[in-house]
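Everything quoted here is computed from the prediction, not taken from an experiment. Chain identifiers are assigned alphabetically (A, B, ...) following the order of the sequence lines, protein sequences preceding nucleic acid strands; residue numbering begins at 1 within each chain.
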Protein chains: 2
Amino acid sequence: MSSDRPGFELPLRLFLGFRVLIDALHDELARQGHPDVRPVHGFALQAIGSEGATAAELGRRLGVSKQAAGKTIDSLERLGYLVRDTDPNDARRKVFRLSERGADSLAKSAAIFDQLRAEWEEALGADRLRALEDDLRRVTPADPLRVDIPGWFGHT
Amino acid sequence: MSSDRPGFELPLRLFLGFRVLIDALHDELARQGHPDVRPVHGFALQAIGSEGATAAELGRRLGVSKQAAGKTIDSLERLGYLVRDTDPNDARRKVFRLSERGADSLAKSAAIFDQLRAEWEEALGADRLRALEDDLRRVTPADPLRVDIPGWFGHT
DNA sequence: CTATATCGACAACCATGTTGTCCATTATAA
DNA sequence: TTATAATGGACAACATGGTTGTCGATATAG
């Protein structure tokens with residue numbers, strides 16, 4: 001009893017759904033004063049969070065090399081979303097924390113995502129959307145942040 | 001009457017779902033004799049299809065520049081998934097068609113995607129999965145192939 | 001016949017990954 | 001306490017996949 005639906009549409013729709021939300025987020029974010037932040041940056045800022053992180057830590061949280069995380073941190077610092085700090089207990093560590101601007105972008109992102117979800121709720125109905133989220137939870141890994149974002153395309 | 005669910009989880013789950021399927025596809029594809037094909041390649045092969053395409057055409061189908069499409073075609077040709085042909089009616093055009101190996105990878109991909117969908121059907125139930133697909137169709141653009149895949153991350 | 005559009009080829013550049021090496025610093029074990 | 005190991009950060013070299021811009025060859029429209 002196999003389905004008549006081709007399997008290739010499922011990944012496409014999942015990706016398009018992601019794309020639609022992320023594009024809408026960044027359009028709105030740009031309108032609200034953050035035109036420079038890119039999806040990679042958003043994930044990094046989220047992963048750094050209020051506690052701050054070193055490049056090596058961020059790399060582990062994101063599932064990329066510490067060098068790659070370091071480059072992301074560099075550009076985020078250049079854009080004014082992070083400020084660097086030192087750890088008095090460990091002279092090796094260079095901790096990066098969200099600047100005010102960084103925290104603002106994160107807060108705005110959260111509000112925009114909530115708004116976008118509300119639009120989907122409008123379109124699909126609250127029950128269906130909840131079911132969709134529940135179903136996706138069942139077929140995806142638990143840890144939501146360690147998404148290995150930047151490496152998923154290309155490469156070995 | 002807003003939902004208690006945070007909006008940021010939705011894009012994450014959509015992406016993770018995509019990731020899970022694509023990773024599983026390429027694991028299995030590697031096992032079945034295609035260890036070198038990458039997600040980008042899969043989309044390109046799909047877009048080239050049985051009719052073949054030039055670099056400029058592929059670029060339009062995929063929503064990237066003809067130069068970017070040309071690079072993808074180069075690597076696919078190097079890997080033996082495409083063969084080049086000429087157009088007797090237009091000396092400028094260099095048409096690329098699927099090699100036997102290319103067609104084989106596409107056929108295997110389709111079978112694997114069907115299998116993966118069957119596994120989700122097992123996990124979620126046929127009704128729920130159909131509902132999930134229907135709902136995603138309602139919130140995503142119609143044209144499923146022009147996915148602008150490679151450009152969605154980074155860049156302006 | 002001439003003007004315009006398109007194709008493919010290059011080059012230069014950017015962003016984001018990767019590995020590998022190296023030194024300074026910290027932690028650990030003998 | 002001291003030798004060894006692990007960690008953090010910097011830097012270099014490289015791969016991939018995107019971009020724009022230019023340019024000559026070929027087609028097509030007027």
Side-chain angles (χ1 to χ4, degrees), chain A residues 19 22-23 26 36-45 47-48 52-79 81-82 84-96 146-156, chain B residues 19 22-23 26 36-45 47-48 52-79 81-82 84-96 146-156:
Chain A
R19 248 313 220 56
I22 292 294
D23 286 355
H26 284 92
D36 292 328
V37 65
R38 314 261 83 234
V40 201
H41 300 150
F43 282 97
L45 291 171
I48 291 168
T54 66
E57 281 160 11
L58 179 62
R60 282 191 293 267
R61 287 183 205 170
L62 252 31
V64 300
S65 64
K66 61 181 180 178
Q67 291 89 336
K71 290 186 194 181
T72 304
I73 282 180
D74 281 349
S75 66
L76 246 12
E77 193 191 14
R78 248 184 293 112
L79 290 170
Y81 286 82
L82 294 179
R84 88 197 287 151
D85 199 354
T86 56
D87 184 339
N89 299 330
D90 188 338
R92 292 169 308 176
R93 299 183 75 233
K94 292 190 181 160
V95 188
F96 291 84
R146 203 180 166 290
V147 128
D148 297 7
I149 275 287
W152 71 273
F153 222 89
H155 302 278
T156 311
Chain B
R19 248 313 218 59
I22 292 294
D23 286 354
H26 284 92
D36 293 328
V37 64
R38 314 262 80 234
V40 202
H41 300 150
F43 283 98
L45 291 172
I48 290 169
T54 67
E57 281 160 11
L58 179 62
R60 282 191 292 266
R61 288 183 204 169
L62 252 31
V64 301
S65 65
K66 61 179 181 178
Q67 291 89 338
K71 290 188 196 181
T72 304
I73 282 182
D74 282 349
S75 66
L76 245 13
E77 194 191 13
R78 247 184 293 111
L79 290 170
Y81 286 83
L82 294 179
R84 91 197 286 152
D85 199 354
T86 55
D87 184 338
N89 299 332
D90 189 338
R92 293 169 308 176
R93 298 183 74 232
K94 290 189 182 161
V95 188
F96 290 85
R146 204 179 166 291
V147 128
D148 297 8
I149 275 286
W152 72 272
F153 222 88
H155 302 277
T156 311

Seminar exercise, completed: To the nearest 0.5 Å, atom NZ of A/K71 lies from atom NZ of A/K66 at 13.5 Å
For this session: Please check the phosphate of D/dG8 (OP1 and OP2 only) for any side-chain N or O of A/R60 closer than 4.0 Å.
Result: yes
Exercise. Do any of residues 65-72 of chain B sit with a heavy atom less than 4.0 Å from DNA chain D, and if so which?
Worked result: B/S65, B/Q67, B/A68, B/K71, B/T72
Problem set entry | Set of residues satisfying side-chain contact (heavy atoms from CB on, under 4.5 Å) with respect to B/A44, sequence neighbours excluded | B/L58, B/L62, B/T72, B/L76
Problem set entry | Length of the NZ-P vector between A/K94 and C/dT25, whole Å | 11 Å
Collect all protein-nucleotide pairs involving nucleotides 27-30 of chain D in which both atoms are nitrogen or oxygen and the distance is under 3.5 Å.
unit_1: D/dA27; atom_1: OP1; unit_2: B/A91; atom_2: N; d: 2.3
unit_1: D/dA27; atom_1: O4'; unit_2: B/R92; atom_2: NH2; d: 3.4

Problem set entry | Protein-nucleotide distance (B/D74, atom CG; D/dG17, atom P), rounded to Å | 11 Å
Problem set entry | With sequence neighbours excluded, residues passing ring pair (Phe, Tyr, Trp, His ring centres under 6.0 Å) with B/F96 | none
For this session: Using atom CD of A/E77 as one end and atom P of D/dG9 as the other, report the distance to the nearest whole Å.
Result: 13 Å
For this session: Round to a whole Å and report the spacing from CD1 of A/I73 to P of C/dA15.
Result: 17 Å
Exercise. Looking at residues at least two apart in the chain, or sitting in another chain, which of them share a side-chain contact (heavy atoms from CB on, under 4.5 Å) with B/T86?
Worked result: none
For this session: Quickly work out the A/R78 CZ to C/dT16 C1' distance and round it to whole Å.
Result: 12 Å
For this session: Round to the nearest Å and state the distance from A/R93 atom CZ to D/dT7 atom P.
Result: 13 Å
Exercise. CG of B/L58 versus P of C/dT6: gap in Å, rounded?
Worked result: 18 Å
Problem set entry | Nearest-angstrom distance from the residue atom CZ of A/R84 to C1' of D/dA10 | 11 Å
Seminar exercise, completed: For A/D36, the salt bridge (Lys or Arg N to Asp or Glu O under 4.0 Å) test, sequence neighbours excluded, returns none
Exercise. With B/D87, which residues qualify under side chain to side chain donor-acceptor pair (under 3.5 Å), at least two apart?
Worked result: B/R93
Exercise. Residues two or more places apart in sequence or in another chain: which of them pass salt bridge (Lys or Arg N to Asp or Glu O under 4.0 Å) with B/D74?
Worked result: none
Exercise. Which distance, rounded to the nearest 0.5 Å, do you find between the NE2 of A/H41 and the CD1 of A/I73?
Worked result: 11.0 Å
Problem set entry | Residues forming a side chain to side chain donor-acceptor pair (under 3.5 Å) with B/R84, sequence neighbours excluded | none
